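In this text, all values refer to a predicted model and were calculated from it rather than measured experimentally.
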Amino acid sequence: MRFLFKSVNLDTIVPYMERWARTRQKSSDYSSGVLLCWERALGYQFAFDDDEELVWIKGASPDEHFLAPVGNWNIKGWDEIIAARFGRTAEFRLVPEKLVDIWRKQMGDAVEATENRASWEYLHRVSDLATLAGKKYVKKRNRVNQFSKQNPYEYLPITTELLPRIVLFQRAWCESYRIFNDSGSIERESEGIVRNILGNWDALPQMIGGAIEVMGRIVAYTVAEIVGETLMIHFEKASLEYNAAYQVINHEFLVHEGEPYKCVNREEDMDDPGLRDAKMSYHPSSFIKKYTVRIKL
């Protein structure tokens with residue numbers, strides 16, 4: 001079976017999301033915000049499989065690869081579906097654990113799954129991060145309080161009117177980061193944020209965001225995607241000039257925007273030791289585990 005692949009854009013993301021809504025476990029890698037942001041850098045494309053009401057996702061960088069299919073996973077005959085579309089062998093990256101379980105039940109030893117710890121997504125209760133209550137969050141509370149005393153700030157929801165200032169901050173943040181780090185992926189992410197997310201803000205009602213302003217300057221912002229009762233934090237940037245600005249935007253965004261939601265997904269750590277320590281310091285309630293899956297039928 002030949003796939004007809006289409007670009008990931010505002011037109012194709014709408015029917016894609018209709019099928020993603022039926023997916024049992026919603027990983028951030030498959031969200032509209034991530035796919036739109038990285039569509040150019042990673043070469044993402046969709047193939048709509050009307051026979052099974054699935055969407056297959058192909059990436060072109062750093063090499064050609066497939067992600068897990070999106071849609072109703074509770075179907076029978078996965079071996080026949082995969083064989084018809086890929087042949088007797090196939091490989092999929094970033095496969096959520098619930099689909100791995102389904103495939104193992106149906107295809108047994110034909111499924112070889114390798115856990116990818118770097119791609120685990122960190123899940124938290126919104127109430128935990130909005131209140132920072134209890135002993136385990138005392139250091140976080142202290143840093144937020146100290147920032148507030150030293151830098152009287154205002155929280156601003158991201159609106160159409162605020163977007164030009166967020167774009168300017170994002171570009172300045174990327175430039176400052178580039179001075180100290182290998183910036184290839186950061187620059188590609190920044191380009192995707194500015195072009196496809198902030199540039200299409202009014203056409204993406206599932207996106208919400210907030211910013212911190214100090215003395216008339218934006219010093220941090222966050223952008224999240226609403227997915228049912230979950231907020232997926234896609235982009236969170238803070239000025240290197242302000243100590244604890246990341247903790248403040250993390251906290252303030254959920255204080256102001258988090259009440260309707262139960263869970264916040266703070267995404268993966270990319271196997272960065274410092275980032276992993278930072279994410280673990282927020283005491284995740286659970287994870288979405290993902291795997292590289294090789295199928296040999």
(message) Applying the side chain to side chain contact (heavy atoms under 4.5 Å, CB included) criterion to Ser32, which one of Ile13, Val227, Leu10, Ile197 satisfies it?
(response) Ile13
(request) Walk me through it: do Tyr155 and Phe253 pass the test ring pair (Phe, Tyr, Trp, His ring centres under 6.0 Å)? (result) CA-CA 8 Å; Tyr155 173 84; Phe253 174 71; 7.0 Å; no
(message) In this structure, is the centre-to-centre distance between the rings of Trp173 and Tyr177 below 6.0 Å?
(response) yes
(message) Could you see if Met232 belongs to whatever hydrophobic cluster contains Tyr282? Use Ile, Leu, Val, Met, Phe, Trp, Tyr and a side-chain cutoff under 4.5 Å.
(response) no
(request) Group every Ile, Leu, Val, Met, Phe, Trp and Tyr by side-chain heavy-atom contacts under 4.5 Å, then state whether Ile226 and Trp201 land in the same group. (result) no
(message) A cation-pi test, strictly: NZ or CZ of Arg125 under 6.0 Å from the centre of the six-membered ring of Tyr261 and no more than 45 degrees from its axis. Yes or no?
(response) no
(message) Suppose we call two aromatic rings close when their centres sit under 6.0 Å apart. Are Trp103 and Tyr291 close by that rule?
(response) no
(request) Answer whether the closest heavy-atom distance between the side chains of Ser28 and His234 falls below 4.5 Å. (result) yes
(message) Closer than 3.5 angstrom, by distance alone: can the side chain of Thr23 be matched with the main-chain N or O of Gln25 as a donor-acceptor pair?
(response) no
(request) For Ser148 and Val144, indicate whether the former's side chain and the latter's backbone hold a donor-acceptor pair under 3.5 Å. (result) no
(message) Looking at every heavy atom in both Ala238 and Ala245, which two are closest together, and how far apart are they?
(response) CB-CB, 3.7 Å
(message) Please evaluate residues Ile212 and Glu154 with respect to the criterion side-chain contact (heavy atoms from CB on, under 4.5 Å), reporting the C-alpha separation (whole Å), side-chain torsions for both, the decisive distance (0.1 Å), and the verdict.
(response) CA-CA 6 Å; Ile212 296 296; Glu154 182 179 0; over 6 Å; no
(message) Please tell me whether Phe3 and Phe46 form a close aromatic pair, meaning their ring centres lie under 6.0 Å apart.
(response) no
(message) Same cluster or not: Val95 versus Ile288, using hydrophobic residues (I, L, V, M, F, W, Y) connected whenever any side-chain heavy atoms lie under 4.5 Å apart?
(response) no
(message) Taking Arg117 first and then Asp271, would you say they form a salt bridge - that is, a charged N and a carboxylate O separated by under 4.0 Å?
(response) no
(message) For Ile75 and Ile81: C-alpha separation, side-chain torsions, deciding distance, then whether side-chain contact (heavy atoms from CB on, under 4.5 Å) applies.
(response) CA-CA 10 Å; Ile75 53 180; Ile81 292 168; 3.5 Å; yes
(request) Can you measure from CD (Gln146) to CG (Asn151) and round to the nearest 0.5 angstrom? (result) 9.5 Å
(message) Can a donor-acceptor pair be found, under 3.5 Å and without considering hydrogens, that links the side chain of Gln45 to the backbone of Ser7?
(response) no
(request) Answer whether the closest heavy-atom distance between the side chains of Val138 and Arg141 falls below 4.5 Å. (result) yes
(request) Check whether any side-chain heavy atom of Arg165 sits under 4.5 Å from a side-chain heavy atom of Leu163, and report yes or no. (result) no
(message) Rounded at 0.5 Å granularity, tell me how far CG in Asp277 sits from CG in Asp269.
(response) 9.0 Å
(message) I want to check something: taking the side chain as every heavy atom from C-beta on, are Glu267 and Val34 in contact at a cut-off of under 4.5 Å?
(response) yes
(message) Are the side chains of Ile193 and Arg188 in contact, using a 4.5 Å heavy-atom criterion?
(response) no
(message) Could you report the tightest heavy-atom contact between Leu297 and Gly87, atom names first, then the distance?
(response) CD1-O, 4.2 Å
(message) Can you give me the closest heavy-atom contact between Pro69 and Leu99, atom names plus distance?
(response) CD-CD2, 3.9 Å
(message) Under 4.5 Å between side-chain heavy atoms, counting indirect links through other Ile/Leu/Val/Met/Phe/Trp/Tyr residues: same cluster for Val223 and Ile249 or not?
(response) no
(message) Just so I know, are the side chains of Ile208 and Ile158 near enough to count as touching, which here means a heavy-atom distance under 4.5 Å?
(response) no
(message) Around atom NZ of Lys139, are there more than 12 heavy atoms from other residues, nucleotides or ligands closer than 6.0 Å?
(response) no
(message) Any side-chain to backbone donor/acceptor pair from Ser61 onto Asp63? Under 3.5 Å, distance only.
(response) no
(message) Under a 3.5 Å threshold, yes or no: a donor from one side chain and an acceptor from the other, between Arg93 and Asn116?
(response) no
(request) Could you check if a side-chain atom of Lys279 sits within less than 4.5 angstrom of a side-chain atom of Arg266, using non-hydrogen atoms only? (result) yes
(message) Using the rule given for side-chain contact (heavy atoms from CB on, under 4.5 Å), can you reason through Phe92 versus Arg294, listing the C-alpha separation, both sets of side-chain angles and the distance that settles it, and then say yes or no?
(response) CA-CA 7 Å; Phe92 303 93; Arg294 295 173 182 82; over 6 Å; no
(request) Assign the ring pair Tyr122 / Phe287 to parallel, tilted or perpendicular, where the plane angle (0 to 90°) is split at 30° and 60°. (result) perpendicular
(message) Under a 3.5 Å distance rule, please check whether Ser176 uses its side chain to pair with a backbone N or O of Leu240 as donor and acceptor.
(response) no
(request) Starting at CG of Leu156, measure out to CD of Glu161 and round the result to the nearest 0.5 Å. (result) 12.0 Å
(message) Checking Glu268 against Ser119: is there a side-chain donor and acceptor pair closer than 3.5 Å?
(response) no
(request) List the steps, then state whether side-chain contact (heavy atoms from CB on, under 4.5 Å) holds for Leu67 with Tyr30. (result) CA-CA 9 Å; Leu67 304 187; Tyr30 298 83; 3.5 Å; yes
(request) Check the side chains of Glu91 and Thr292 for a donor-acceptor pair under 3.5 angstrom, ignoring hydrogens and angles. (result) no
(message) Can you see whether Ser190 engages Gln170 through a side-chain donor-acceptor pair at a distance of less than 3.5 angstrom?
(response) yes
(request) Taking all non-hydrogen atoms of both residues into account, name the closest pair between Gly71 and Leu54 and its distance. (result) CA-CD2, 4.1 Å
(message) Looking only at side-chain N and O atoms, does Ser281 offer a donor or acceptor that is under 3.5 Å from a partner on Lys140?
(response) yes
(request) Measure the spacing between CG of Leu275 and CE of Met280 and express it to the nearest 0.5 Å. (result) 12.0 Å
(message) Ignoring hydrogens, what is the shortest heavy-atom contact between Ala113 and Val293? Give both atom names and the distance.
(response) CB-CG2, 4.2 Å
(message) Could you see if Leu94 belongs to whatever hydrophobic cluster contains Trp20? Use Ile, Leu, Val, Met, Phe, Trp, Tyr and a side-chain cutoff under 4.5 Å.
(response) yes
(message) Whether the Asp202 and Thr160 side chains hold a donor-acceptor pair (N or O, under 3.5 Å, no angle test) is what I'd like checked.
(response) yes
(message) For the SG atom of Cys263 and the CG atom of Leu123, what is their distance to the nearest 0.5 Å?
(response) 4.5 Å
(message) Quick check with a 6.0 Å cut-off and a 45 degree axis cone: is Lys237 positioned over the face of Tyr221's six-membered ring?
(response) no
(message) For Tyr137 and His283, I'd like to know if the aromatic rings sit close, meaning centre-to-centre distance below 6.0 Å.
(response) yes
(request) Take Arg40 and Glu191 through the salt bridge (Lys or Arg N to Asp or Glu O under 4.0 Å) test and state the conclusion after the steps. (result) CA-CA 9 Å; Arg40 182 175 296 182; Glu191 179 187 354; 3.4 Å; yes
(message) Looking at every non-hydrogen atom in both residues, tell me the closest pair between His251 and Ala130 and how far apart they are.
(response) NE2-O, 2.9 Å
(message) A side-chain contact here means heavy atoms from C-beta on lying under 4.5 Å apart; do Asn72 and Glu53 qualify?
(response) no
(request) For Asn196 and Glu39, test the side chains for any donor-to-acceptor distance below 3.5 angstrom and give the result as yes or no. (result) yes
(message) Please confirm whether the ring centroid of Phe48 lies under 6.0 Å from the ring centroid of Tyr16.
(response) no
(message) Tell me whether Arg22 at atom CZ has more than 12 heavy atoms from other residues, nucleotides or ligands lying less than 6.0 Å away.
(response) yes
(message) Taking side chain to side chain donor-acceptor pair (under 3.5 Å) as the criterion, tell me which of Glu121, Glu225, His124, Lys26 meets it with Asn265.
(response) Glu121
(message) Checking Trp56 against Asp49: is there a side-chain donor and acceptor pair closer than 3.5 Å?
(response) yes
(message) More than 12 heavy atoms of other residues, nucleotides or ligands under 6.0 Å from NZ of Lys6: yes or no?
(response) no
